[in-house]
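Since the model is a prediction, treat every value here as computed from it, not as a measurement.
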Amino acid sequence: MYFLSGWPKRLLCPLGSLAEAPCHVQSDPQRTFFAVLAPARLSIWYSRPSVLIVTYKEPAKSSSQFGSYKEAEWRPDSTMIAVSTANGYILFFHITSTRGDKYLYEPVYPKGSPQMKGTPHFKEEQCAPALNLEMKKILDLQSPIMSLQSVLEDLLVATSDGLLHLIHWEGMTNGRKAINLCTVPFSVDLQSSRVGSFLGFADVHIRDMEYCATLDGFAVVFNDGKVGFITPVSSRFTAEQLHGVWPQDVVDGTCVAVNNKYRLMAFGCASGSVQVYTIDNTTGAMLLSHKLELTAKQYPDIWNKTGAVKLVRWSPDNSVVIVTWEYGGLSLWSVFGAQLICTLGGDFAYRSDGTKKDPLKINSMSWGAEGYHLWVISGFGSQNTEIESDPNSIGKQPGILLFQFIKSVLTVNPCMSNQEQVLLQGEDRLYLNCGEASQTQNPRSSSAHSEHKPSQEKNSFADGGLESQGLSTLLGHRHWHVVQISSTYLESNWPIRFSAIDKLGQNIAVVGKFGFAHYSLLTKKWKLFGNITQEQSMIVTGGLAWWKDFIVLACYNINDRQEELRVYLRTSNLDNAFAHVTKAQAETLLLSVFRDMVIVFRADCSICLYSIERKSDGPNTTAGIQVLQEVSMSRYIPHPFLVVSVTLTSVSTENGITLKMPQQARDAESIMLNLAGQLIMMQRDRSGPQIREKDSNQRKLLPFCPPVVLAQSVENVWTTCRANKQKRHLLEALWLSCGGAGMKVWLPLFPRDHRKPHSFLSQRIMLPFHINIYPLAVLFEDALVLGAVNDTLLYDSLYTRNSAREQLEMLFPFCVVERTSQIYLHHILRQLLVRNLGEQALLLAQSCSTLPYFPHVLELMLHEVLEEEATSREPIPDPLLPTVAKFITEFPLFLQTVVHCARKTEYALWNYLFAAVGNPKDLFEECLMAQDLDTAASYLIILQNMEVPAVSRQHATLLFNTALEQGKWDLCRHMIRFLKAIGSGESETPPSTPTAQEPSSSGGFEFFRNRSISLSQSAENVPASKFSLQKTLSMPSGPSGKRWSKDSDCAENMYIDMMLWRHARRLLEEVRLKDLGCFAAQLGFELISWLCKERTRAARVDNFVIALKRLHRDFLWPLPIIPASSISSPFKNGKFRTDAGISNVQRSRSWLNNIGPAHHEIDTASSHGPQMQDAFLSPLSNKGDECSIGSATDLTESSSMVDGDWTVVDENFSTLSLTQSELEHISMELASKGPHKSQVQLRYLLHIFLEAGCLDWCIVIGLILRESSVINQILVIIQSSEVNGEMLQNIKTGLHAVDRWASTDCPGYKPFLNIIKPQLQKLNEITEEQVQPEAFQPITVGKTPEQSSPRVEESRGSSGHGSIPQSEVGGSSMVSRKEEDTAGAEEEESFQDGTYDCSVS
C-alpha cells in the first residue's frame, strides 16, 4: 500500500573529498531533522525544505584518537545526539538554537501578498531553523561499539566485549554496572524453568538490537547469527532481572527491526530472507509469523544471489517494511509479507537496450515524516576506481537520495475501509479512482506525476518535455483523478497525516499538523479555516470520517487542553462557530462511522458508541452527538497503541436473526477490532431477555459478549452496511486482507428457501484465497477487488551512454502508480466446492450471474482446476474437476465455457478435461440443437484434433448445412476452408488460417477472376475500401482462391459444390430470392452458370402468383393500389392522355426511378397513393444526386430510352412547370416503390436471370418493378432467339394467372397489365407459331452489332443517365457483369447502402 513515485531526488552534499562522503543517516523521533554522519563530520539536515543546517567537523588530531564516526542516536526530545566511533568512544552533542529569532531559510513573499503574516507558529513552520552543534561530553567504553539504542530516558549501548551499558543521557553511567550477556539466562520460552541455559561461550556479543516498547524488551542479533529477545522480568534493569528467549532455528541473523504496532521482530538473515517473529502471549516463546523472501519463480536470475540482508526498516506508521541486501537492491513489503516493490527486476535492473545495471547499494536508510520519503545513503557500488578519475560521475558517488512514496489512506485512517473508493495520499496531492463523474481532467492534474522530477536537473528534458504529453500517453486510460492539496494549508501544516473521502466520492478532507481542510470535486475548490488561530489550536488525533454532509473528527484543543469530538458541516464556512463539540474523557486513537453511529477507541482502552443525527435549529444545520454505550476493553488489550482499527459491523455469527427479525438484520451487531493483526469480534449478547420499553422509542442497547478471535495476520478489514436481497452472500460477508497469505472472506451460509438450517452446519465459513494485487478496496456487489500497482517507465534512451554525468533518470526508471482490479468470485466458488458446499456455491453464483464477466469467472475456475490437477505428479485422491464440471453445467454458458477453456489450454490436457465434462461429439450436437453455431465451430476444432478425419468431416458437414440455413456467411466461408483442409491430405493437422489478406477480400467475388469481364475496372483492383468490409474474411488466398476452377476436380470440391447446389435449389424452390442473392454474393457462388444448368428444372417458376407475393414480402415492396384520385386525373390540361404510347410510360418510369434513390424507407401510409401509370412525365436529370451512383437503376433506365425521343424531352424539360397537384401525385408515385436497396437487389437479380436465360423469373421481377421496358426486352429476346417452348408456355400461363389474380385480389396491378397488353399479344402469337427450338444459347456481345453512341461519360454528364448502346440483350449482358459486381457488393454486409462509382466501357 506504499508506492514509489517519480524519480528519487539527490540532495547536494558539499563534498570536499571522499573521506567526507556520508555513511549513515538517522532521523530524530519527530522526523523533522536528520543526522548525517561522515567519517569525521556530523551534519544536521532539515526535512522540509531538505537543506543542510549545520555541520560539526572533527579536528584531525582528535579524529585519529576517536576513529571514524559509526552510528548516531537521538535523545527523545531531539536536544542531543550520541555518536559512536570506531575506537569505542561515545560523543555527546548538544543541539541549541542560535541566539535571537534567526532562521537559516525564510520564505520571501511579494509585497502586499496576504500570505499569512500574522500567523502564530508561522516562523517555525515556514523556515529552516538555524542551529548550533557543540560536543558536550566524551565517554570511553574501551571496546568497539556494536549498537546504540535510545530507551526512554537512557541510552543502551552494546559493545564487542559482550557487555550491555545503560548510560544516562547526560553522559553518566549512574553508578550502574554493565551487564555481561553471559549472565543472562536464555530459554525457548518463559514457562520453562527459570534457569535457562546461559550463552556458554566467551566471545559472545550483540551485533544489532532494537527496543520494542509494546513488548517491553529488546530484539537482539548475536555475532554468531543466533537471534533472541531479552526482556526485563521486573521493572529494574539488572542482570538478575533479565531473561531471554530464542528460536532454535535461526543461526544466520544479521540485523533486526521492530514493529511496535504489530509486535513483530524482523530479523534479516545471511540467506537473503527476512524472518518475522512475534511473541506468544501465553508462553512468551518466539513464534515465526512469516518470512519475506524473493521466490525463484518471480526472480529466477537474482534468486539466492542477493547476499545477506543488510538493513530492515519499518515505516513510521508501521504498515510496511523496507529491506536492502549486501549486493544492493531495495524491496518493500506489507506488514504480513505481501511484496509491493522490488528493484531487482524489470526496469530497475535492466536498461532499455537489455543490458543489466548495477543495483543501487545502500549503506544506511531512514524514513522521513509520515513515510512520504525514504532518506538513503547510497554506497559506492562496484566502481570504486572510477570515482577518483571522474569526480563528476554523480551516479557513482555516495550521496543522499530521497525516494518519494505515495501511500494508501488505509495505512493511517483505517475507517476508510467501508468505502468503495481507492484513495492514495502523497506528500502534496491525493490520488483517487472515483473522479470519473467530474473527470474533466485539466492538464495540470493529469501530468501530476511529472512534478516529481529532480529539481536540479538541467537538461533539455527539464523544460517541460514530459508535461507536454500530459502523461496521458504514459498512463493509458487508467488515470487517477489527482487533487493537488491547497498550498496555503500545506505551508503551515505539512505533512498531511490523514485523509478521507465521502461515500459518493465527491468530497475529500485532509488533516495536516494542525486543523484540517476539505475539497469538493464538483466545485474544484478547497475550504480552509477563515480564522487561522482556530486551525492552529486543534490537533486531530484519531483520524476523521465523513457522515453524510458532515466531517466527524476527534481532536485535542490546545487552548483548553481538552480532548474533543467535533462535527463540522461541509456546506457552511469552516469555523468553530458552526461546529458541534462534545468533550471526551481521554485521547481518541481511532474513529469510525457506521450508519448513524460513531465508534471511538480511546487511549484508556475503552470503546465508546455515539449516535449522530442532523439538527436544524434556525438558519444553520448542525449535527447532534449523544453517547449511547461505553465498553471497557482494558482486560483484553495490553497496550492501546496495538489497536490497528476498530469498526462497527452488521456481521454476526447468527444468521437466524436475519430470518426472525429482518428489521434488525443490518443493525450494528458487532465490533471488529484489529489488535496487532488479530481480528477480534465482540457481538451483542442476545441471550438475555430482550424487552423493549414501550414508552421510550430509544431501544436500550444490548451489552457485548466477550471477544472471540476470528483471524490472524490481518492487515485490513472491509464490510458494508448496504443490504441487497439478491446478493446477500457478498454483502453480508467480511473481507480480510492478510498480506502474503492473500485474502480471506468470512462468508455467511444461508439455508436454501428459508428451510430450517441444520443444527450441525455452521452459519459462516472462513475461506482463504490468493489474488495477484494488493487489495485497497472491495466492490461488494460487483465481486471485484480494487488495488494499485507500481509501473515503471525508462527514459535512459534519451541520454548518451558516455555522458559525463550519469543522471538519476539514467539509473532509475520513472515510477507511476496504476489502478488495477481483480475478480475473486471463482476463488470463492472453488473453495465452497472443495468443502462440499455446492448448494451455497450455486446460490452465490446465481446471484452474480448477471455480472458482465460471469462467463469469465466460470472459465477461470475450470481452467485453474484443470491446470492444477492435470499437471500434478502425484495422483489426486479426491479430484475437484468433475465437481466443477457438474457445477458449470447448471449455467446456460456451459458449452462456451468448456470450449473456451479447452482452446486456451494445451492439447495434452484435453483428454483429462473431456473425461470430466463429457464427450466433445455430444457437446457439439448440443450446440447445434441450441443453434449456437459459433461455439459448435470451436468444438469442431477440438474434434478435428481428437477424432479421425471422417468424424470431423461428418460434423463439419452438419454445421455447414446449418450455417447455410441460418445465413451465417462468415462461418460458411470458414467451413468451406475447413472441409477443404480435411480433404486435401493434411487431414491430421488443423487448417491454418491465413493471416495476410490479398485483394480477394473484396467481398468474396473471386469467381469473377476466371471470366472475361468487359469492364474498365476489373474486379481484381476494386479497392477494398469501397465495400467498407467490417471483417477481413479469411478466405483461402493464392491458388486456392480459384475455388470453383475446373482443374481442381478433387472429390472434396465436388462434395462442397454438391452441398452448395443443394442449398441453392432449396432457396429457389421456396422462392427465397433475397436469400439466394445473399448466398451467391457472400460465398462467391457461381449463380449464372448454375442457373443455366437448372433452367428447366429448379429455376422454373411454377406459380407466378405465389412468386410475386413472396417477392413483395421479402423485398418489402408495396403492392400497387388504385387510388381514388385516378378516377379524375390530376392533369387537367390534358397534355398527357392515359392512352399515350409506351414511350411516354417509359419516360415517366425512368424519371421516377431517377428520384428513387432519395427514398429509402417504405411508408405504408403513403403507399396507398396513386400508382405509377397515372402520370406520364418527361425524364428530368438530377445530376448532383445521380452522377455518383452507378447503381442498377441507371443501367436499366438506359434500356427504356431506345425509342429515340430522348433529346426532344431533354430540350423541353426546362419549360415543364409542375402544379401543386402534379407534385402531390409524384410523391404518391414514389411512396408506392419499395426501399432503394431492394430496388438495387431486384435489378441485380434481374440481370443474373437474364444472363442465365431464366426468362420466367425475369418476367416476375419485371412485374414487381412494374417496368414495361423489362417485359419488352424479354419479348425481344424471345423473338430474336430460339427459346424453349416449354418456357414460353410457362410464361404465358403464368401471366394469365397473374391477370386473373389481379382482377380478383390486387386491382392495383391492372393498369400495368393493361399497358403491357400489346406485348402479351405478341407473346401469344409467338407461342402459336411455335417451332421446336434447339438448345438455348445465351447471346454474347460479339454476336450483336453495336449501335454507335456517344461515350458513356459524356451522355451521363448531359442527362444523368448512362444511355447505353443496346441491341436486344447485348447491352444488358454487357452490363450485367459489372452489375453483379456492384450490386453484389451492395448485398455484402447485409446489403448496406453506399456510393459506387461504375464506369462501363
*Partner residues of S63 under the side-chain contact (heavy atoms from CB on, under 4.5 Å) criterion, sequence neighbours left out*: A40, E58
*Pairs touching residues 60-76 that satisfy salt bridge (charged side-chain N to carboxylate O under 4.0 Å, His left out), sequence neighbours left out*: R75-D77, R75-E170
*For H290, which residues count as a ring-ring contact (aromatic ring centres under 6.0 Å, His included) partner, sequence neighbours excluded?*
F336
*In chain order, what residues pass the side-chain contact (heavy atoms from CB on, under 4.5 Å) check against S645, with sequence neighbours excluded?*
P414, N674
*Do the non-hydrogen side-chain atoms of V323 and L330 ever get within less than 4.5 Å of each other?*
no
*For Q149, what residues pass the side chain to side chain donor-acceptor pair (under 3.5 Å) criterion, not counting sequence neighbours?*
none
*Please identify each residue that fulfils ring-ring contact (aromatic ring centres under 6.0 Å, His included) with W74, with sequence neighbours left out.*
none
*Under the side chain to side chain donor-acceptor pair (under 3.5 Å) test, residues paired with T295 that sit two or more places apart*: Q298
_side-chain contact (heavy atoms from CB on, under 4.5 Å) involving A349 - partner list, sequence neighbours excluded_ = K356
*Does K305 have any side-chain contact (heavy atoms from CB on, under 4.5 Å) partners at least two apart in sequence or in another chain, and if so, which?*
none
*Mind checking side chain to side chain donor-acceptor pair (under 3.5 Å) for S47 and listing every partner two or more places apart, or none if nothing turns up?*
none
*Given the side-chain rings of F218 and F229, with only the six-membered ring counted for Trp, is the space between their centroids under 6.0 Å?*
no
*Those residues that, when tested against S64, pass side chain to side chain donor-acceptor pair (under 3.5 Å) (two or more places apart)*: none
*What pairs of residues pass the salt bridge (charged side-chain N to carboxylate O under 4.0 Å, His left out) test when at least one of them lies in residues 248-270, not counting sequence neighbours?*
none
